[in-house]
Amino acid sequence: MMQKPNNMMLQTLARLIILIILSFSIYLLLAGHNSPGGGFVGGLMTASAILILYLSFDLKSIQKAIKFDYIKIIGMGLLFASLTGVVSMLFGFPFLKHFFDYFTLPILGEVELTTAMVFDLGVYFVVLASALTIILTIAEDDK
Amino acid sequence: MNNIVILPIIIPFIIGAILIILYKRHAVQRVISGITMLILLAFSVFLAIYVYQHGTVVLEVGGWKAPFGIVIVADMLSTLMLLLSTLVGAACMFFAFQTIALDREKQFFYPLFLFLMVGVNGSFLTGDLFNLFVFFEVMLISSYGLIVHGGTGYQLRESFKYVIINVFASALFVVAIAWIYSIVGTMNMAHIAQRVAELDQAGALNIIAIMLFIVFASKGALFPLHFWLPKSYYGPPAAIAALFGGLLTKVGIYAIIRTFTLIFNHNLEFTHKGLLITIAGVTMFIGALGAISQFDFKRLLSYLIISQVSYMVMGLGIFTPLAVAGAIYYIAHHMIVEPALFLFAGVTQKITGTTDLKKMGGLIGTHPWLTWMFFIAAISMAGIPPLSGFFSKFPIILGGFEAQHYVISGVALLVGLLTLITMMKIFSQVFWGKQKHTEEQGKIPVGKLLLPILPLIALTIILGFAAEPMFTYSMGVAEEIMNPTNYIESVLKE
Amino acid sequence: MELLMSIVIGIIFSVTIYLFMSKNLLRVVAATLLLSHGVHLLLITMSGLQRGAAPILSFDADAYTDPLPQALVLTAIVISFGVTAILLVMSYRTYKVHKTDDLEELRGSADE
């Protein structure tokens, strides 16, 4: 019988790396509407962070810890993205018309908030969930 | 009010997203998607009437002005195509309710179906060349999902080829887009048309025209890019095959009609009289020969698509108002009758358990209603008056003779005869002759299966007897698309 | 720079065609991947490789870059991501069901 490989290094480092990747991916998501970044890249990056989790620990224990149904998240993301367009229609503006304004928030100071970011959030969820679904489906099938 | 033109795209999209969330509850999915298709159908009837009365409706998405942003344009051609596609979609959906296997139904059948409708409706409505590519991809990715749906060995093997062909064609599409952009510097189709008219670059434009023609021809299954169609349409169940046969090739044909009337209408001798007519003639003949040599119901119908689709290209190639009106009429006729025939193949498969014509026979004894409904569809397809097949072929061929294209018109007449022989072959093999199915199979009730086909059959009769108003409408569409200044002005608002 | 890019695109396309001709399932998938890369490079090269500020956001730069090709390429990349994903899953399933990745054996007989 093969000995179980020692994953200590990977598992310890993974905790650190995942934190960095996740925070950077959130930054990309929030920056996306007018500088490099966006929901697509952010989603892929988050997916890669979660995949590192799956790689360093085993499939089953992560599935116990993360109990999201990724397929439902795909649907939610699509709904989010499309409803941002529809909301502007309800107010009589053209479909997908986007609005922005500057707000002063505590700690962060003045920030620009746009409806394009809500759209990006939808894209983020779709990309994250579909990338994970594809990879996990093949991974589970392989056993 | 202009926002109404986005609804045929966004409604199936939102419902598709909701159905993904509800993916475990297929009974709910079934009800929701059925209602959605009916709403879409009612809405596209409304949109067709609205556009007919008020003229072209243009939506500038996101409020970005016309040449810079994406536009959604509903003119008479788009709304006619939209109406037909939702009609066929609804019929196939209701047919699928009764025939699709439960384990297939659970595998995201309804979301994929609705996303396919998003892609098809979007392709008909968009006024932006790159956006057309995007909606093509939406449609194709859903079709990849539907064509392997169920995942049998045969389906996987043939679908792989279907996917590769389409991926390659899509890559060519992007290359053509890159070339157009480098010449005219815009993606808005109306703006492209305007700039192309000002430019004097016949050589470069001819190359782009051929490039785009290759892309759309591989979607529309024109010779020599037709070879993927019969094998890949054989695999999926009848409801999906009917949907594909009705919609997917017609999206390619619509794209050809749109680009070759709007953009590439300056070098008619080369593009229309040369390229389109030659390809149409060869495709027609090859498809008819393929159909006549087949002994499998679904494969025969697939070859029939190939030969019939080229009538529309021929009408466009002749490029007189009469012939183009005939082509429009023919699209309407074909989009109704071809899915009906595929659905009949599904019904006979349900009864006899096979699609091999030689193993069927004598269905007239056990299922007379099925037989006579098929008979109407068959003679309509063969082009016998007073059904829609005759009144749509007649102006195309008449236009051909008037414009002195004797060879292609002769070929079209010959192919009409071959189609008649093909339809009679099916009729005599499947419905006449000795009964080859067992008594238990003979007692299988098919009344509910025939119900979704009934509106299609009724429409081919109505389109035949009401040929005068339908032809006037087609004439209106033809005059509108052959005079693109109207389209350009309504998009660019000059 | 445009000349160099054209040569690169040409090389990518010829490698693509070579891979398309091979019998291996996975190589054909790799070919579609490379093809999409080549096409995206072509799209960005054909509109001219420009160096300049982002348009609309500011008015004081000397030169502006045309944003449209970049938007087009971004969209095309996302689409090819989706297509590649579906193609990979499909070829994996084909391999599982047919137990071969040789396209010669996946031809299917001529008469069926």
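Letters A, B, ... mirror the listed sequences (proteins, then strands); counts begin at 1. Because the structure is predicted, anything quoted here is derived from the model rather than measured. Heavy atoms only: backbone and side chains are in, while hydrogens, waters and symmetry mates are out.
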Peer 1: Yes or no on side-chain contact (heavy atoms from CB on, under 4.5 Å) for C:L72 and B:F133, after CA distance, side-chain angles and deciding distance?
Peer 2: CA-CA 10 Å; C:L72 301 187; B:F133 164 72; over 6 Å; no
Peer 1: Say you draw a straight line from CZ of B:R157 to CG of C:L103; how long is it, rounded to the nearest 0.5 Å?
Peer 2: 11.5 Å
Peer 1: Around atom OH of C:Y64, are there more than 12 heavy atoms of other residues, nucleotides or ligands at under 6.0 Å?
Peer 2: yes
Peer 1: Kindly compute the distance separating NE2 (C:H98) from OH (B:Y154), expressed to the nearest 0.5 Å.
Peer 2: 10.5 Å
Peer 1: Examine whether an atom of B:V134 lies under 4.5 Å from a heavy atom of chain C, and if so say whether it belongs to the side chain, the backbone or both; otherwise answer neither.
Peer 2: both
Peer 1: Where does C:S36 contact chain B at under 4.5 Å (heavy atoms): side chain, backbone, both or neither?
Peer 2: neither
Peer 1: I need the C:L87 CG to B:S159 OG distance, nearest 0.5 Å.
Peer 2: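 One gets 11.0 Å once the value is rounded to the nearest 0.5 Å.
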Peer 1: Give a yes or no on this: more than 12 heavy atoms of other residues, nucleotides or ligands lie within 6.0 Å of atom CH2 of B:W228.
Peer 2: yes
Peer 1: Given heavy-atom pairs under 4.5 angstrom as the criterion, report whether the side chain, backbone, both or neither of B:V163 touches chain C.
Peer 2: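 For B:V163, the contact with chain C is made by the side chain alone.
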Peer 1: Which heavy atom of C:V83 sits nearest a heavy atom of B:V167, and at what distance?
Peer 2: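 What the structure gives for the nearest pair is CG1-CG2, 3.5 Å.
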Peer 1: Examine whether an atom of C:L35 lies under 4.5 Å from a heavy atom of chain B, and if so say whether it belongs to the side chain, the backbone or both; otherwise answer neither.
Peer 2: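 It is the side chain, since no backbone atom gets that close.
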Peer 1: By a 4.5 Å heavy-atom criterion (distance strictly below it), what part of C:I44 contacts chain B: side chain, backbone, both, or neither?
Peer 2: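 Neither part; nothing is under 4.5 Å.
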Peer 1: Quick check on B:F130 against chain C: is it the side chain, the backbone, both or neither that has a heavy atom closer than 4.5 Å?
Peer 2: side chain
Peer 1: Could you go step by step and tell me if C:V89 and B:Y144 meet the side-chain contact (heavy atoms from CB on, under 4.5 Å) rule?
Peer 2: CA-CA 11 Å; C:V89 175; B:Y144 302 156; over 6 Å; no
Peer 1: Just wondering, are more than 12 heavy atoms of other shown residues or ligands nearer than 6.0 Å to CZ in B:R195?
Peer 2: yes
Peer 1: Between atom OG1 of C:T94 and atom CD of B:E158, what is the distance when rounded to the nearest 0.5 Å?
Peer 2: 10.5 Å
Peer 1: Under the side-chain contact (heavy atoms from CB on, under 4.5 Å) criterion, do B:F168 and C:T32 qualify, and how do the steps go?
Peer 2: CA-CA 7 Å; B:F168 195 78; C:T32 62; over 6 Å; no
Peer 1: For the pair C:V39 and B:F173, evaluate side-chain contact (heavy atoms from CB on, under 4.5 Å) and give the outcome as yes or no after the intermediate values.
Peer 2: CA-CA 9 Å; C:V39 164; B:F173 198 171; over 6 Å; no
Peer 1: What's the spacing between C:M90 CE and B:I164 CD1 if we round to 0.5 Å?
Peer 2: 9.5 Å
Peer 1: Under 4.5 Å, counting heavy-atom pairs only, tell me which of C:L43, C:T45, C:V29 racks up the most with chain B.
Peer 2: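 Looking at each option in turn, the highest pair count goes to C:L43.
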